[in-house]
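Quick note: numbers below take in every heavy atom, side chains included, and nothing from hydrogens, waters or symmetry partners. The chains referred to below are lettered A, B, ... by the order of the sequence lines, with proteins before strands, and numbering in each begins at 1.
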Protein chains: 2
Amino acid sequence: MAEKGPEEVASLALERFVPYRLSVLANTVSRSIADEYAQRFGLTVPEWRTLAVLGRFAPLTASGVCARTAMDKVRVSRAVARLTSAGLLRRRTDAEDRRRVMLEMSGAGREVYRQIVPLALAREAELLAALSATEVKQLDCLIEKLQARVDSRTRVRTG
Amino acid sequence: MAEKGPEEVASLALERFVPYRLSVLANTVSRSIADEYAQRFGLTVPEWRTLAVLGRFAPLTASGVCARTAMDKVRVSRAVARLTSAGLLRRRTDAEDRRRVMLEMSGAGREVYRQIVPLALAREAELLAALSATEVKQLDCLIEKLQARVDSRTRVRTG
DNA sequence: TTGAATTAGTTTCACTTGAAACTAACATGG
DNA sequence: CCATGTTAGTTTCAAGTGAAACTAATTCAA
């Protein structure tokens with residue numbers, strides 16, 4: 001990309017480097033949303049993600065949560081432990097296979113979920129308000145393609 | 001976005017949720033590059049970022065590194081400490097203001113930099129190979145707009 | 001059967017992280 | 001001057017993290 005003479009050392013403009021920019025953007029976004037989850041609901045990101053997938057796919061096993069949240073089993077295990085002791089989740093050992101723990105939200109969990117979903121959607125909308133409808137579609141498409149790219153490179157680590 | 005009847009609770013498809021997707025993408029990308037830096041050079045991401053900005057703007061103070069890497073002063077302080085003890089950086093107390101530490105790469109640091117820059121650029125190119133030239137420009141533009149959006153919302157924390 | 005291999009989930013441990021407290025040096029108003 | 005405030009950078013401490021080790025349950029092969 002950058003031209004360089006015979007004696008010149010290649011240099012790199014960090015502020016133009018896509019991996020860096022993606023990382024900064026994603027962290028800024030995550031951080032600001034995470035702060036709000038923490039303040040209003042006392043939830044961390046792994047906890048919120050766990051609720052999010054249980055809101056759509058309950059009951060799920062812990063590994064089902066892993067598969068749908070891109071979190072490893074250690075994070076899921078801890079998120080589930082905290083949510084359970086906070087009374088937001090119910091755990092039930094599967095009778096079919098007693099290694100498995102079936103997870104679903106309690107009434108209190110559903111109540112938190114009911115409140116947090118519109119908030120999450122509003123934050124997303126607020127972010128995407130920086131873009132036109134066309135750009136939002138472009139973004140969707142670009143993320144999809146880039147993720148497919150890195151997935152094909154990186155061996156998928158299913159905890 | 002999602003339709004819902006009077007009794008239905010709003011739900012959220014995590015796999016379509018932009019903040020989540022951005023986070024997963026950025027982390028996958030960062031992780032795969034970080035693994036390579038670690039294997040080949042024994043460098044962490046904060047260390048590499050520090051070298052990257054010193055490669056273009058040396059000499060810099062620690063807070064200059066902060067400003068150009070979006071890292072807080074604690075991270076920079078530690079990255080600088082490790083790089084210095086690895087012999088890749090030279091620290092010199094500024095005579096003008098003895099609180100300040102002027103940083104620049106040592107010969108060994110420049111050698112590592114010289115090797116790591118092409119590798120970083122190659123990894124970026126490999127990622128962007130998933131996209132057409134037009135899409136690369138779109139990506140650039142979208143990241144810019146989204147970052148500007150979150151910067152205007154989030155108070156900038158200059159350590 | 002039964003013993004080896006596999007799978008689900010938890011715990012341990014060494015490491016990273018960042019807010020807050022801290023140290024040292026500079027600036028400024030009285 | 002000197003006391004008060006501010007700035008540069010470091011250290012502390014209480015979390016979060018994930019690889020590896022672990023426990024317990026299931027499957028599979030001989």
*Asks:* Are A:L60 and A:V74 linked, directly or through other ILVMFWY residues, by side chains that come within less than 4.5 angstrom of each other?
*Replies:*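 Different clusters: A:L60 never reaches A:V74 through Ile, Leu, Val, Met, Phe, Trp or Tyr contacts under 4.5 Å.
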*Asks:* Between A:D97 and A:R100 (salt bridge meaning N to carboxylate O under 4.0 Å), is one present in this structure?
*Replies:*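 The answer is yes: the pair qualifies as a salt bridge.
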*Asks:* Report which part of the nucleic acid A:V80 touches: base, sugar-phosphate, or nothing (heavy-atom distance under 4.0 Å, all strands).
*Replies:*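 Nothing, no nucleic acid heavy atom in range.
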*Asks:* Quick one: which of D:dA8, D:dT17, D:dT10 gets closest to the side chain of B:K73?
*Replies:*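 My answer, after comparing the listed nucleotides, is D:dT10.
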*Asks:* Measure from CG on B:L60 to C1' on D:dA8 and round the result to the nearest Å.
*Replies:*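 These atoms are roughly 14 Å apart.
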*Asks:* Just the rounded figure in Å: distance from P of C:dT17 to CE of B:M71.
*Replies:*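 From B:M71 CE to C:dT17 P: 10 Å.
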*Asks:* Are more than 12 heavy atoms from other residues, nucleotides or ligands located less than 6.0 Å from atom CZ of B:R40?
*Replies:*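 At most 12 heavy atoms, drawn from other residues, nucleotides or ligands, come within 6.0 Å of this atom.
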*Asks:* Check B:E36 with B:R31, please: is the shortest side-chain N to carboxylate O separation under 4.0 Å?
*Replies:*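 Salt bridge absent between B:R31 and B:E36.
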*Asks:* Mind checking what makes side chain to side chain donor-acceptor pair (under 3.5 Å) contact with B:R75, not counting sequence neighbours?
*Replies:*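 Residues passing side chain to side chain donor-acceptor pair (under 3.5 Å) with B:R75: none at all.
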*Asks:* Rounded to whole Å, how long is the line connecting atom CG of B:D72 with atom P of C:dA20?
*Replies:*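 Interatomic distance, CG of B:D72 to P of C:dA20: 12 Å.
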*Asks:* Considering residues at least two apart in sequence or located in another chain, which fulfil the side chain to side chain contact (heavy atoms under 4.5 Å, CB included) criterion with A:A81?
*Replies:*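 Here no residue qualifies.
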*Asks:* Between the protein and nucleotides 4-7 of chain C, which nitrogen or oxygen pairs come in under 3.5 angstrom?
*Replies:*
| residue | atom | partner | partner atom | Å |
| --- | --- | --- | --- | --- |
| C:dT7 | O2 | A:R99 | NH1 | 2.7 |

*Asks:* In whole angstrom, what separates A:D97's CG from D:dT27's P?
*Replies:*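 Spelled out: CG on A:D97 to P on D:dT27 is 6 Å.
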*Asks:* Do A:E47 side-chain atoms and A:T44 backbone N/O form a donor-acceptor pair below 3.5 Å?
*Replies:*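 Present.
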*Asks:* Any side-chain donor-acceptor pair under 3.5 Å between B:Q39 and B:D35?
*Replies:*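 Note: B:Q39 and B:D35 side chains miss the donor-acceptor criterion.
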*Asks:* Can you name the ring pair (Phe, Tyr, Trp, His ring centres under 6.0 Å) partners of A:Y37, sequence neighbours left out?
*Replies:*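 Ring pair (Phe, Tyr, Trp, His ring centres under 6.0 Å) list for A:Y37, sorted by chain: A:W48.
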*Asks:* What is the separation between atom CZ on A:R98 and atom P on D:dT27, rounded to the nearest whole Å?
*Replies:*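 To the nearest whole Å, that distance equals 12 Å.
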*Asks:* Rounded off to whole Å, could you give me the CZ-to-P distance for the A:R49 and D:dT17 pair?
*Replies:*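 Rounded to the whole Å, the gap is 10 Å.
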*Asks:* Where along residues 83-95 of chain B does a heavy atom come under 4.0 Å from DNA chain D, residue by residue in number order?
*Replies:*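 DNA chain D contact set from residues 83-95 of chain B: B:R91.
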*Asks:* Answer yes or no: is there an ion pair linking B:D140 with A:R21, defined by an N-O contact shorter than 4.0 Å?
*Replies:*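 Here B:D140 pairs with A:R21 in a salt bridge, since their nearest N and O are under 4.0 Å apart.
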*Asks:* Students often get this wrong, so: under 4.0 angstrom with heavy atoms, is A:V76 touching a base, only sugar-phosphate, or nothing?
*Replies:*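 The residue A:V76 makes no contact with any strand.
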*Asks:* Does NZ or CZ of B:R68 fall inside the cone over B:F57's six-membered ring, less than 6.0 Å from its centre and within 45° of the axis?
*Replies:*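 So B:R68 does make the cation-pi contact.
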*Asks:* For A:E47 and D:dT17, give me the distance from atom CD to atom C1', rounded to whole Å.
*Replies:*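 The distance from CD of A:E47 to C1' of D:dT17 comes to 14 Å, rounded to the nearest Å.
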*Asks:* Where do A:R149 and B:L127 come nearest, in terms of heavy atoms and distance?
*Replies:*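 What the structure gives for the nearest pair is CG-O, 3.9 Å.
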*Asks:* Starting at atom CZ of A:R31, determine the distance to atom P of D:dG16, rounded to an integer number of angstrom.
*Replies:*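 Rounded to the whole Å, the gap is 13 Å.
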*Asks:* Measure all distances between protein nitrogen or oxygen atoms and nitrogen or oxygen atoms of nucleotides 12-16 of chain C, and list the pairs falling under 3.5 Å.
*Replies:*
none

*Asks:* The side chain of B:S77 lies closest to which of these nucleotides: D:dT26, D:dT10, C:dG18?
*Replies:*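 Of the candidates, D:dT10 comes closest.
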